[in-house]
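Each remark here refers to the structure printed beneath this line.
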Amino acid sequence: MSKILPKAFFEQSDVVFLAKNLIGKQLSTKIDGIFTSGIITETEAYAGSGDKACHAHLGRFTKRTKVMYEPGGIAYVYLCYGIHHLFNIVTNTKGNADAILIRAVEPTDGIPHMLERRKKQKLDKTLTSGPGNVTQALGITKQHNEESVLGEYIWIEDHNRNSRRIKETTRIGIDYAGKDAELPWRFYDTNSSFVSVK
DNA sequence: TCGACGATGACCT
DNA sequence: GGTCATCGTCGAA
């Protein structure tokens, strides 16, 4: 029994709760006609204008960040370090720029295609652990920015695998955020080896 | 227009 | 554990 998460799920206001709740859900993509999916094992919450680590801190509204102000249920994809595409899910209602970064998944379907995209010979934890690796394995790029995550290319299903043990800890790579860098807004599944722990 | 830099990963020792 | 590739975005000028 599984079902696609409805738009109302992503429009909830508690982004930290949602980030934790997404652990164990199945993220699927059908890009270039190729179906791949994996169980979400690691996420981070970014809480809009009040969060120093968030791109929309203090209501910053630019061509890049405007998608975060849209109602929940769409993708926010952007380029980091000129190389890596990072996949976020926009949450909360219109005007509230919350988002959840998907940092790692555990591959379940289309593994041969993921290996091909990642140019790897065999399955190991580096295939889909780390936000840049996740997007590469699933085929997500900047052209999927603003794409619905309830759509024909990207969607998320509840496979009732929510009884997993979830660890809360601090976010990664946001030293510039000062005190907000200490918030325990990163979540990962301690039962899975497909996480990008540091 | 231009310079600085980042929600990283790969590869080296 | 350390280095470095690589480019779009942002904000200052």
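Note on naming: letters A, B, ... go to the chains in the order of the sequence lines (proteins, then strands), and numbering restarts at 1 for each one.
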Mind checking who B:dG9 pairs with, Watson-Crick or G-U wobble, both distances under 3.5 Å? C:dC4
Could you tell me whether a side-chain N or O of A:Glu42 sits under 3.5 Å from a main-chain N or O of A:Ser196, the two making a donor and an acceptor? yes
Counting only Watson-Crick pairs (N1-N3 plus N6-O4 or O6-N4) and G-U wobbles (N1-O2, O6-N3), all under 3.5 Å, who is the partner of B:dG3? C:dC10
Can a donor-acceptor pair be found, under 3.5 Å and without considering hydrogens, that links the side chain of A:Thr108 to the backbone of A:Ser37? yes
To the nearest 0.5 Å, what is the distance between CG (A:Leu115) and OG1 (A:Thr36)? 11.5 Å
Could one point to a donor on the side chain of A:His84 or the base of B:dA7 with an acceptor on the other under 3.5 Å away? no
Are OP1 or OP2 of C:dC7 and a side-chain N or O of A:Arg64 less than 4.0 angstrom apart? no
For atom NE2 of A:His85 and atom P of B:dG9, their distance in whole Å: 13 Å
Report yes or no: is the cationic atom of A:Arg165 (NZ for Lys, CZ for Arg) closer than 6.0 Å to the six-membered ring centre of A:Tyr188, at no more than 45° off its axis? no
Which residue lies more 5' along DNA chain C, comparing A:Thr65 with A:Gly82 via nearest heavy atoms: A:Gly82
Is the ring of A:Tyr46 stacked on the base of B:dA7, with centres less than 5.5 Å apart and planes under 30° off? yes
Quickly work out the A:Arg171 CZ to B:dT8 P distance and round it to whole Å. 12 Å
Tell me the interatomic distance from A:Arg186, atom CZ, to B:dT8, atom P, rounded to whole angstroms. 11 Å
Between atom CG in A:Asn145 and atom P in C:dT9, what is the gap in whole Å? 9 Å
Quick one: A:Ile172 CD1 to B:dG6 P, roughly how many Å, whole number? 16 Å
Please tell me if A:Thr62 has a side-chain N or O lying less than 4.0 Å from either OP1 or OP2 of C:dT9. no
Whole-Å gap separating P (C:dG8) and NE2 (A:His55): 16 Å
Contact class for A:Arg60 vs. all strands (heavy atom < 4.0 Å): base, sugar-phosphate, or nothing? sugar-phosphate
When you check the phosphate oxygens OP1 and OP2 of B:dA7, does a side-chain N or O of A:Tyr176 lie under 4.0 Å from one of them? yes
Look at A:Lys142 and C:dT9 and indicate whether a side-chain polar atom (N or O) is within less than 4.0 Å of OP1 or OP2. yes
How would you label the contact of A:Ile174 with the nucleic acid (heavy atoms, under 4.0 Å): base, sugar-phosphate, or nothing? sugar-phosphate
Find the distance A:Ile83:CD1 to B:dA10:P and express it as a whole number of Å. 10 Å
Rounded interatomic separation in angstrom, taking CZ from A:Arg118 and C1' from B:dC11: 14 Å
Hey, does A:Leu79 reach any base, or is it just sugar-phosphate, or nothing, if we go heavy atoms under 4.0 Å? sugar-phosphate
Are A:Phe9 and A:Asn21 side-chain neighbours, meaning at least one heavy-atom pair lies under 4.5 Å? yes
